[in-house]
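Here is the structure we will look at, set down as structure tokens.
Only this structure's heavy atoms are used, side chains among them; waters, hydrogens and symmetry mates stay out. In what follows, chains are A, B, ... by sequence order, proteins preceding strands, each numbered from 1.
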Amino acid sequence: MADISISLPDGAARSYPAGITGAEIASDISKSLGKAAFACAIDGVFSDLSIPINKDAEFQIYTSKDEEQALELIRHDAAHIMARAVQELWPDVQVTIGPVIKNGWYYDFDRDEPFTEDDLKTIEKKMREIINKREPVRTEVWDRARAIKFYEDNNEPYKVELIDSIPGDEDLRMYWHGHWQDLCRGPHLAHTGQVPGDSFKLMSVAGAYWRGDSSRKMLQRIYGVAFRNKVDLKAHLHMLEEAEKRDHRRLGREMDLFHFQEEAPGMVFWHPNGWTLYRVLQDYMRRRQNADGYLEINTPMVVDRKLWEASGHWEKYRENMFTTEIDDEHANEKRTNALKPMNCPCHVQVYNQGLKSYRDLPYRLAEFGSCHRYEPSGSMHGLMRVRGFTQDDAHIFCTEAQIASETEKFIKLLTRVYQDLGFAEFEIKFSTRPEVRAGSDDVWDRAEAALEGAIKALGHPYTVDPGEGAFYGPKLDFKLTDAIGREWQLGTLQADFVVPERLGATYIGEDSHKHTPVMLHRATLGSFERFLGILIENYAGKFPLWLAPRQVVVAAIVSDADEWVLEVVSRLKARGIRAEADVRNEKINYKVREHSIGKVPVILAVGMREVEDQSVSMRRLGSKGSAVHGIDEIVELLVVEATPPDLRGQ
RNA sequence: GCUGCUGUAGCUCAGCGGUAGAGCACUCCAUUGGUAAUGGAGAGGUCGGGAGUUCGAUUCUCCCCAGCAGCACCA
């Protein structure tokens, strides 16, 4: 057989007979590399070590030191090993798909009996047995008919369906982990023992629809995490524990911010502390928006269905709306109302009062609008997804030519706001025209260009989501990630060519004729509820002073200091600081601990020494030490620090 | 909405076919203590709601409600 030339990453080239495998090359380079090799890249294509190489190629070997590739392989093989373990334990279970995901993998099974927590332990044990066997992984390309027959004979209908959906020109590849076989794109490890037996864990089991389709059967999905070593696994589990500690639902209880109860699912009961936080944020937003030329309004929460019919919501959004009927006693005014799920139709009503001139545009109407949406029961999640919420909503009525500048202006506002609130980084997603849409391609071209141009002008990175725009116009979404790694959409900007027309919004142009304005729906925080959830998690409850609902606790060390404590509190309050006195009959240790847990940023301890020289001893949340300051000095210092960022002379 | 799990004191949780228990929190008493829990005593529960099985149900069964994880949904 002819020799081929294999070039290695260090520039060296070696000559081998054609048909040599990656494994053989690795062993040839060194015995230890042969053992350590996980997989390889042939001309940059991630491949199995067992695949023969028939022509000159660039060649690279991956071992567990190559983090990205190693994790991909370990998790992928772990998925197969888990599927094998499950089928060895319960031969009737049907296998479906099992991809690698962040931190691990999942595999979906069809089994009548639910998997239990104990089953997960049993499966883990079986997986370790398979790993310890160090059985070789091998692969073959099969033709379609053979693969289909194989799976039909083995009663694996899901696999047959998968094969049917793979494009006809693609090779079908089979992998064996020992005797167990699965259809897979690969590549895989060289043998099962390369998955570290002490570095994976099965985390949970949950339902998942076959092919993500809610009209199809629900399968059982087992999630696992896997790493290159035990230390990384431990670190990951530790990280999950830490994330749980900053879960806003937990902090909400610990800091006494809000609660939920059965009688009003998905509706927040804000407590004094939580509502203080909410108001501080709202006041801040109001100032920012006023400064940016928005006009604040307020519109009805309960509105006749006629308006929703006109806006199109009744047809398209009915099942997500809370409706009310007038009772029999008032039958002569019987009508159906809906709690508003959005503010836009009401805002158009305000716009429509009186004639608007092109000189009035852009016309920016803002409302802290209280909305209700009947969200599916399973989708609710603390403050992040609720049924009753308040948006920092606004609608900008403008000409098509003004879209770009208004978009840019909005992104600047949003960036400023996010920065002030501690989010240096956020994601922008740009959604373009969907298949089914209103308006001409011409208008879409211009609108998309305006939105995309604005992001580009500001130099913020973004991703494009083709076809995900609303039927009435393209949109930008602004996203942040919560403590447990879930992504949430907060801000949004959507161009709308449809609703203004449907609801009869017009302006008189320079040509003295009527025109329909474009409407930009936009929200910065999205909903206060969701944003506060994210904010709580982002700060882990340790808010900067201006946001903290309880800013200062002045605590007496001995009761003879009570009078001075009360005096200090009233001086702070006089300057707008949210201060409280703690003159309970408790030791200072006890008070410090309690207020630290309550995440109060500043504790001022006061004993007889402080009474003598009219001072306080300040302790910051999270610090061990304390420092004594004169009363006037401390008041000035705290007043400055407690000033919201937009009111600071910068 | 779907699959699975959970629901016991304000919170975290134990328990069990014979009508309940711990720690913390709470109240009272003593203690005046210098930066993450002073000691003692006391009070507190229709065991998520309803129905059934049973002599007897917080415990077993069914239905409903809510929460949790994931899926689907998020115009």
Side-chain angles (χ1 to χ4, degrees), chain A residues 101 106 108 110-111 113-117 119 203-223 247 249-250 253-254 256 259-266 311-321 341-342 344 373-382 384-387 434 436 468-472 475 477 484 486 488-489 492 494 498-499 521 526-527 530 553 555-562 583-598 603-610 617-628:
Chain A
I101 54 173
Y106 67 76
D108 289 348
D110 187 7
R111 178 190 184 215
E113 287 283 292
F115 287 112
T116 64
E117 291 291 313
D119 289 341
M203 303 299 284
S204 61
V205 51
Y209 297 109
W210 169 234
R211 314 214 101 183
D213 182 345
S214 61
S215 67
R216 304 278 241 134
K217 183 162 185 184
M218 181 156 278
L219 307 169
Q220 297 188 64
R221 174 172 297 179
I222 302 180
Y223 285 91
D247 189 314
R249 293 166 295 186
R250 174 175 170 150
R253 195 169 45 241
E254 289 173 358
D256 198 10
H259 84 273
F260 290 91
Q261 65 186 52
E262 272 195 39
E263 290 80 355
S311 69
H313 289 93
W314 195 260
E315 185 200 353
K316 288 226 157 76
Y317 202 61
R318 167 99 178 81
E319 58 182 34
N320 289 293
M321 289 163 71
M342 289 173 211
C344 26
R373 299 180 189 174
Y374 190 86
E375 301 285 356
S377 56
S379 68
M380 267 143 11
H381 182 89
M384 304 297 197
R385 185 100 177 250
V386 287
R387 286 179 175 163
V436 182
E468 286 300 304
F471 78 95
Y472 51 71
K475 62 173 182 174
D477 288 323
I484 358 189
R486 288 186 263 223
W488 298 98
Q489 183 198 305
T492 185
Q494 311 184 4
V498 173
V499 170
H521 308 249
S527 87
R530 176 177 294 179
V553 168
I557 295 168
V558 292
S559 54
D560 283 346
D562 288 359
V583 292
R584 292 175 301 169
N585 177 14
E586 296 292 351
K587 289 183 148 182
I588 192 65
N589 286 303
Y590 182 91
K591 295 180 182 181
V592 165
R593 178 180 147 83
E594 192 174 273
H595 298 125
S596 297
I597 290 171
I603 298 172
L604 301 179
V606 169
M608 289 320 285
R609 290 206 294 272
E610 287 75 15
S617 164
M618 176 165 76
R619 180 194 166 104
R620 298 259 186 188
L621 180 61
S623 81
K624 295 254 187 280
S626 58
V628 176

What is the distance, to the nearest angstrom, from the [atom1] atom on [X] to the [atom2] atom on [N]?
X         : N       : atom1 : atom2 : value
Arg593(A) : rC24(B) : CZ    : P     : 11 Å
Arg387(A) : rG67(B) : CZ    : P     : 7 Å
Ile597(A) : rA36(B) : CD1   : P     : 12 Å
Met380(A) : rC71(B) : CE    : P     : 17 Å

Ignoring hydrogens and angles, are the base of [N] and the side chain of [X] linked by a donor-acceptor pair under 3.5 Å?
X         : N       : result
Arg221(A) : rA69(B) : no
Arg211(A) : rC71(B) : no
Glu319(A) : rG1(B)  : no
Tyr209(A) : rG1(B)  : yes

Would you say the side-chain atoms of Arg249(A) pair up with the backbone N or O of Gly382(A), donor to acceptor, closer than 3.5 Å? no
Between N or O atoms, less than 3.5 Å apart, protein on one side and nucleotides 4-11 of chain B on the other: list the pairs.
| residue | atom | partner | partner atom | Å |
| --- | --- | --- | --- | --- |
| rC11(B) | O3' | Arg253(A) | NE | 3.4 |

Please state the P separation for the pair rG18(B) and rC60(B) - nearest whole angstrom. 11 Å
Looking only at atom P, what distance separates rC74(B) and rU58(B), rounded to whole Å?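 Looking at atom P only, rC74(B) and rU58(B) are 43 Å apart.
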cation_pi(Arg221(A), Tyr106(A)) dist<6.0 Å, angle<=45: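 Relative to the ring axis of Tyr106(A), which defines the angle, Arg221(A) lies inside both limits.
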Tyr209(A) ring centre to Arg211(A) NZ or CZ under 6.0 Å, with the angle to the axis within 45°?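 Ring-cation test returns no.
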Can you confirm whether Pro265(A) sits close enough to Met380(A) that some side-chain heavy atom of one is under 4.5 Å from a side-chain heavy atom of the other? yes
How about Tyr590(A) and His595(A): are their ring centres within less than 6.0 Å of each other?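 No, too far apart.
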Could you check whether His595(A) gets within reach of a base, just the sugar-phosphate, or nothing at all, counting any heavy atom under 4.0 Å?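 Nothing: the residue His595(A), judged by heavy atoms under 4.0 Å, touches no strand.
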With side-chain hydrogen bond (donor to acceptor under 3.5 Å, both in side chains) as the test, would you mind laying out the steps for Gln261(A) and His259(A) before giving the verdict? CA-CA 7 Å; Gln261(A) 65 186 52; His259(A) 84 273; 2.9 Å; yes
Assuming nearest nucleotide by heavy-atom distance, tell me which of Gly378(A) and Lys591(A) is located more 5' along RNA chain B.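 Per heavy-atom nearest nucleotide, the more 5' residue is Gly378(A).
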Among rA36(B), rG33(B), rA37(B), which nucleotide sits nearest the side chain of Arg619(A)? rA36(B)
Could you spell out the base pairing of RNA chain B in dot-bracket, with Watson-Crick or G-U pairs whose two distances are under 3.5 Å, [ ] crossing and | to another strand? (((((((..((((....[..)))).(((((.......))))).....(((((..]....))))))))))))....
